[in-house]
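All figures in this text were calculated on a predicted structure; none of them were measured in a lab. Note that these values count all heavy atoms, side chains included, but never hydrogens, waters or copies made by symmetry.
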Amino acid sequence: MPLRHAVRLWHRGRRAWRRSLQVRIVSITLVLSLLVVGVFGFVVASAITGGLLDARVRSASKTVDQGAAYAASQLKGVTQPGDPALLTTVPAVVVALGNAEQSGQVQVIIRASDSSLSSLPAQSLAWPKADAYNVVTSGRLADLRRQVGRGKMARQYATANPDGNGERRYLVFGTPINSSGAGGQLELYYLFPLDNEVATVDLVRTTLIATGAALVVLLAMVAALVTRLVVRPVRIAARTAQRLSAGLLDQRMEVRGEDDLARLAASFNQMAGNLQRQIVRLEEMSRLQRRFTSDVSHELRTPLTTVRMAADLIFSAREDFEPAVARSAELLQAELDRFEGLLTDLLEISRFDAGFAMLDAEATDLVPVVRRAADGLTSVAERAGCAVDVSVPGAPVIVEIDPRRIERVLRNLIGNAIEHSEGKPVRVTLAADDSAVAVTVRDHGVGLRPGEEKLVFNRFWRADPSRARQTGGSGLGLSISLEDARLHGGWLEAWGAPGQGAQFRLTLPVRAGERLVSSPLALVPADAPPARSAEPAGTPAVVGVAASAATPVAGGDPGDEGRVTP
């Protein structure tokens with residue numbers, strides 16, 4: 001459980017770090033403040049500690065020098081190391097040196113380097129406590145004793161309990177006593193307690209920690225306050241931008257003062273106002289354009305009907321006319337058919353643009369729909385000199401679709417393939433799995449150059465404007481097909497390579513409203529040439545146009561099996 005809570009807190013912290021500028025600035029300020037305060041506190045504490053200890057060392061050194069001089073003067077009458085006077089003089093010197101200290105906490109010890117004082121008890125050689133003698137003779141002060149034995153004054157810090165009141169820090173000084181007979185054998189030691197220095201250092205350390213912590217907290221609060229003053233307008237701008245993107249074009253930021261943030265708010269409001277005017281203008285233009293297209297299409301219906309009736313009458317009697325007039329009647333009939341198809345497509349496009357297109361889905365066997373679409377273009381294929389090969393499963397393929405719209409999509413795809421097949425065969429393939437059905441239309445004609453696969457679904461776009469049309473299309477077929485596929489929640493995708501032909505793939509969900517994740521058929525045909533990098537000409541081009549509200553992922557890898565994730 002604690003580990004789970006720790007992981008949860010870690011994820012929350014990472015999320016806050018990524019999403020909040022204020023959290024990042026406050027955290028960075030807090031870390032840098034801790035480092036600065038820590039370094040500053042360490043330097044100050046080290047300087048104060050060093051100054052206190054230096055002062056204590058100088059004072060103690062002076063005391064030791066005076067004590068050593070006094071002991072040497074008292075022991076100058078001792079001429080031999082084994083002189084019996086040592087047994088009485090040394091304890092007296094120890095007591096005298098101890099009484100000379102105003103504080104009873106300073107320990108004074110005299111030690112002999114040989115056995116000349118072995119008959120004296122430890123309490124006679126140490127003042128005021130006998131345990132101080134054991135401290136001096138312990139192993140922790142062995143280095144100090146060696147230096148004193150060489151005739152040098154030395155000092156060492158040690159933790160000891162010479163008076164039985166608990167261990168404390170001491171400054172231990174040792175020096176030889178220069179006397180004519182016993183100078184090389186007697187050593188004087190002082191144990192100076194560092195209680196005042198330790199207390200002062202602890203007070204300084206505690207003060208620095210408390211002051212540093214308060215300073216860090218204060219800096220974090222200041223950083224949070226300053227950051228809030230800067231971040232808050234940015235957050236307000238972000239929320240206002242989100243509302244603008246959601247369609248609330250009247251949202252504005254509040255302008256306060258004349259500083260940089262106020263100028264930012266004013267500039268943002270000016271930008272929002274300009275965007276609102278442009279969007280409103282474009283929406284009005286789009287509305288007028290859609291209305292114009294719809295009105296023109298409807299208004300042209302009446303004169304077109306009259307012209308159609310007259311043209312049909314003339315066309316039916318063309319055998320009684322002269323050859324030139326008869327040919328004119330045939331041309332008039334063909335162009336009227338094309339004009340009528342163009343009006344129908346324009347009306348359909350205007351319905352899509354206005355959002356009035358409705359899907360009338362029903363369970364339908366897609367096999368006869370594919371066959372009807374191909375059979376309806378048999379005469380067109382014969383005029384173009386190409387064969388249309390239809391490959392469908394033997395069993396029914398039931399799918400929830402609007403058969404009228406899907407048949408129109410297939411007619412547009414097959415007609416487009418015939419138009420660009422250059423007399424080569426066109427193959428139509430139907431396949432299905434548990435969640436999707438797909439229809440591919442493959443031709444081996446002129447193909448698509450790199451970049452053109454992104455344009456084939458644009459309105460009135462032609463790959464080669466200089467080429468003569470075979471089918472007399474309106475230029476809106478693929479655009480309408482894309483809208484029909486989008487209305488079904490499906491995909492309409494294109495692949496092509498110059499001189500290698502093209503392939504279009506329509507993928508639909510088996511059940512209306514379900515989301516597509518893959519297609520039963522590959523977008524890149526099996527007979528397609530392998531993709532070659534660093535060759536702008538001849539490289540297969542693939543575009544995945546997901547016919548849904550999401551933007552597709554496009555790719556040209558033949559190993560992708562044509563799968564596109566919207």
Side-chain angles (χ1 to χ4, degrees), residues 14-29 221-299 345-358 451 454-455 457-461 475-476 479-480 482-483 485-487 489 543-554 566:
R14 287 187 59 188
R15 190 182 306 112
W17 174 268
R18 292 194 305 266
R19 296 183 177 181
S20 177
L21 177 62
Q22 186 175 10
V23 169
R24 290 200 297 270
I25 293 178
V26 172
S27 300
I28 293 173
T29 303
M221 293 175 62
V222 171
L225 179 61
V226 174
T227 307
R228 177 180 173 80
L229 294 176
V230 177
V231 172
R232 186 170 177 271
V234 177
R235 291 176 177 172
I236 294 175
R239 288 195 295 268
T240 306
Q242 291 175 352
R243 296 191 185 100
L244 288 173
S245 64
L248 303 176
L249 301 180
D250 59 340
Q251 295 294 311
R252 298 293 184 270
M253 293 180 61
E254 184 179 357
V255 180
R256 294 181 179 179
E258 299 178 356
D259 55 4
D260 295 335
L261 295 177
R263 288 195 294 272
L264 171 63
S267 300
F268 185 90
N269 292 340
Q270 182 179 3
M271 178 192 68
N274 292 335
L275 287 176
Q276 181 181 14
R277 287 190 293 271
Q278 290 292 335
I279 291 174
V280 171
R281 178 172 172 269
L282 291 176
E283 288 180 347
E284 182 65 19
M285 291 177 61
S286 178
R287 186 183 65 81
L288 292 176
Q289 181 182 8
R290 291 195 301 268
R291 182 176 178 181
F292 174 78
T293 303
S294 178
D295 291 346
V296 168
S297 301
H298 282 89
E299 291 297 329
D345 290 343
L346 285 175
L347 284 173
E348 189 68 22
I349 283 291
S350 65
R351 293 191 191 97
F352 282 120
D353 290 342
F356 294 149
M358 301 297 293
K454 301 178 182 179
L455 305 174
F457 299 103
N458 291 350
R459 300 174 184 179
F460 301 108
W461 183 84
L476 296 173
S479 300
I480 295 175
L482 179 62
E483 297 294 341
R486 179 179 289 116
L487 195 62
V543 62
V545 181
S548 62
T551 301
V553 177

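- With rounding to the nearest 0.5 Å, the separation of CG in Leu264 from CG in Asn269 is 9.5 Å.
- Minimum heavy-atom separation, Ala262 to Val255: O-CG1, 3.8 Å.
- With a 6.0 Å radius and a threshold of 12 heavy atoms from other residues, nucleotides or ligands, Met221 has its CE atom at or below the threshold.
- Remark: Arg235 engages Ser20, Gln22, Val231, Arg239 in a side chain to side chain contact (heavy atoms under 4.5 Å, CB included) (not counting sequence neighbours).
- Here CZ of Phe268 is found 5.0 Å from CG of Leu244. Values are rounded to the nearest 0.5 Å.
- Considering OG1 of Thr227 and CZ of Arg24, their distance stands at 11.0 Å, rounded to 0.5 Å.
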Identify all side-chain donor-acceptor contacts of residues 272-279 below 3.5 Å with residues at least two apart in sequence or on another chain.
from: Asn274; atom 1: OD1; to: Arg277; atom 2: NH2; distance (Å): 2.1
from: Asn274; atom 1: ND2; to: Gln270; atom 2: O; distance (Å): 3.2
from: Gln276; atom 1: OE1; to: Arg252; atom 2: NH2; distance (Å): 2.6

message: As a quick check of understanding, evaluate salt bridge (charged side-chain N to carboxylate O under 4.0 Å, His left out) for Arg486 and Glu483, giving each step before the final call.
response: CA-CA 5 Å; Arg486 179 179 289 116; Glu483 297 294 341; 3.3 Å; yes
